[in-house]
2 protein chains.
Amino acid sequence: MKRKCIKCSKETGIYLPHHRLALCQEHYTAWFESRTQRTITEFRMMTGSDKILVAVSGGKDSLSLWNALVKLGYDADGLHINLGIPEYSELSQKKTQEFAERVGRKLHVVEIKTDFGRTIPEISKIERRPPCSFCGTLKRYFMNLYAKKGGYTVVATGHNLDDETAVLMLNTLNWNTEYLARQYPVLPEGDGLAKKVKPFCKMTEKETAFYAVINGIDFVEDECPFAVGSTTIIYKKILSQIEQKFPGTKIRFYSEFLAKMYPMIRGSREAPKIGKCNMCGEPTQSSICLVCRMKIRAS
Amino acid sequence: MKRKCIKCSKETGIYLPHHRLALCQEHYTAWFESRTQRTITEFRMMTGSDKILVAVSGGKDSLSLWNALVKLGYDADGLHINLGIPEYSELSQKKTQEFAERVGRKLHVVEIKTDFGRTIPEISKIERRPPCSFCGTLKRYFMNLYAKKGGYTVVATGHNLDDETAVLMLNTLNWNTEYLARQYPVLPEGDGLAKKVKPFCKMTEKETAFYAVINGIDFVEDECPFAVGSTTIIYKKILSQIEQKFPGTKIRFYSEFLAKMYPMIRGSREAPKIGKCNMCGEPTQSSICLVCRMKIRAS
């Protein structure tokens, strides 16, 4: 069934059942950017005077985020972390650099091989565990480090509603209250940690993909080869099944969690004590941070 | 792969991956009944001095529950509610009556047609809503009424882990804290409400089915015709998919909810004020109870 754009009545291919919203390409872009701004405002993620570092992998979410933030007038540079995964990492860096030129903003590049000393596949062999189990830790470490080095006040990541609900479902099925108490789209600055925000937390994966395609953003289409078959991807598929049966489930699951459960769980827990790593001085809950411990094992 | 019973080393067809447990038929029955008793003890559901009314539909769960309770030495009679659904209700009543003779216990029969004045399909037409939306309310009403009439101290229902986790998932995806605050396997007596317990809350559907088959219990195999395609059944399928990928998810989801979340949610809410229905005198939160309101509309 062809629907008409609610703004200009043009026939449109874009229909969002969970919002009961039909839009043409042009008005879709406007809607998407304005919804991003509304999310930023709702959670007080950033203002015009912030200096923002966008973590850009080269995928549709992070490049769309960078694009939207620049279009919304934010002072936003990029940070790309090259993981050293053959083919995938080269392509990711290339597309990110091309996009940086297109938006005319500065791009910082971290090479895990150089900055840490080993590539992700190499670390995986040394650690004898799958890359996904430590890759996030490493990425957060370098994001935080580069934000402070460059004087950035906010780190923005492209996590979308599908990412957030998959993790929320996993943490809910296990009732992992420690993780649930941290699942909020804004983590404040403090204890040597930069402020971190997720302006796409209320956008589905489909929505960011539409935005990227409509705006001619050239992104890496493949998933990270290590993520294939991951727990998160399994839960994404399950949530999409539920969403198809009951449109609106994902956004309700996430929004109601933030409104009702997050404050309750958060309030029931003491804040963790954050100190400084004895080796690198970066924030950690123990005497030596996870990254330095990996460095020791890798040396 | 053929596994051996951990008790007697007989080769066995029964393997429970979430418990990593292999048992022959005889030891399965012993394990199942002892687990039922452990659940009863854990939640202080009943003691040997209680007079128990088991709600028996004629399905595998409720007949297995009746069987297990009698074998465990409890003083347990049955209550069957005939819903007036053509064929399904006649067969259900017949199998329940046959089973009552087998265990040699008293069976009370409520006929919705007589006790309420209309059958479930008739009420559905009058109410213009699906039977599942009010059938539970009616059943709870008559269970409570007959428990008090007969001097029973506890009403036991055959809800299993699959039932409980499907409802838990639904209430969690919506973060319905009102319902979550009541999702406990024991509801205490008070305000004119009989004590209600679910001794199979930690048994999967497969486990009760094994028990029924092994013990030669002749139960109604079909689902209620109105329940086909219901929301609960959709969530049961989804949870079974997850369980297959990650064995133990259901029992962890449920047990950790009871241990960690239930007290938190419960503690954050005021207990609802229960009064008496102006028409029938039964407990209700408003002036006229839901059943009497349906009676008015049906008259």
Side-chain angles (χ1 to χ4, degrees), chain A residues 18 130 132 161-162 164-181 183-184 202 204 228-270, chain B residues 18 130 132 161-162 164-181 183-184 202 204 228-270:
Chain A
H18 51 294
C132 302
L161 183 64
D162 292 62
E164 294 305 297
T165 49
V167 172
L168 183 58
M169 179 170 246
L170 173 63
N171 290 337
T172 300
L173 286 172
N174 295 307
W175 296 108
N176 189 326
T177 48
E178 191 190 330
Y179 291 170
L180 289 171
Q183 199 170 356
Y184 201 72
K202 291 192 169 184
T204 65
V228 175
S230 73
T231 308
T232 321
I233 290 183
I234 293 171
Y235 284 116
K236 278 188 188 175
K237 281 187 192 156
I238 284 164
L239 274 160
S240 293
Q241 249 180 283
I242 303 176
E243 180 74 24
Q244 212 167 13
K245 288 266 185 196
F246 310 108
T249 300
K250 282 182 204 170
I251 188 71
R252 193 167 55 243
F253 182 40
Y254 186 64
S255 301
E256 294 289 289
F257 168 77
L258 295 183
K260 289 185 190 169
M261 294 307 293
Y262 174 79
M264 199 188 284
I265 296 172
R266 174 94 208 202
S268 74
R269 299 184 62 84
E270 278 179 50
Chain B
H18 50 294
C132 302
L161 183 63
D162 292 63
E164 294 304 297
T165 49
V167 173
L168 183 57
M169 179 171 246
L170 173 63
N171 290 337
T172 300
L173 286 172
N174 296 307
W175 294 110
N176 190 326
T177 48
E178 191 188 330
Y179 291 168
L180 288 172
Q183 199 171 355
Y184 202 73
K202 292 191 169 184
T204 66
V228 176
S230 73
T231 307
T232 319
I233 290 182
I234 293 171
Y235 285 115
K236 278 187 189 176
K237 281 186 192 158
I238 284 164
L239 274 159
S240 293
Q241 249 179 283
I242 303 176
E243 180 75 23
Q244 214 168 11
K245 288 266 184 196
F246 310 108
T249 300
K250 283 182 202 169
I251 188 70
R252 193 168 54 243
F253 182 40
Y254 186 63
S255 300
E256 294 288 289
F257 168 77
L258 295 183
K260 290 186 191 168
M261 294 307 293
Y262 174 79
M264 200 188 285
I265 296 173
R266 174 96 207 199
S268 74
R269 299 183 62 85
E270 279 180 48

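Numbers restart at 1 for each chain; the letters A, B, ... are given by sequence-line order, proteins then strands.
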Could you please show the donor-acceptor pairs under 3.5 angstrom between chain A and chain B, with distances rounded to 0.1 Å?
residue, atom, partner, partner atom, Å
A:Asn174, OD1, B:Arg252, NE, 2.7
A:Asn174, OD1, B:Arg252, NH2, 3.1
A:Trp175, O, B:Lys260, NZ, 2.9
A:Trp175, NE1, B:Phe253, O, 2.9
A:Gln241, OE1, B:Gln241, NE2, 3.0
A:Gln241, NE2, B:Gln241, OE1, 3.0
A:Arg252, NE, B:Asn174, OD1, 2.7
A:Arg252, NH2, B:Asn174, OD1, 3.1
A:Phe253, O, B:Trp175, NE1, 2.9
A:Lys260, NZ, B:Trp175, O, 2.9

Nearest 0.5 Å please: distance from the CD1 atom of B:Ile238 over to the CD1 atom of A:Ile238. 7.5 Å
Could you look at A:Ile265 and say if it's the side chain, the backbone, both or neither that has a heavy atom under 4.5 Å from chain B? both
Relative to chain A, which segment of B:Leu173 carries a heavy atom at a distance below 4.5 Å: side chain, backbone, both, or neither? both
Can you tell which part of B:Met261 gets under 4.5 Å to a heavy atom of chain A, answering side chain, backbone, both or neither? side chain
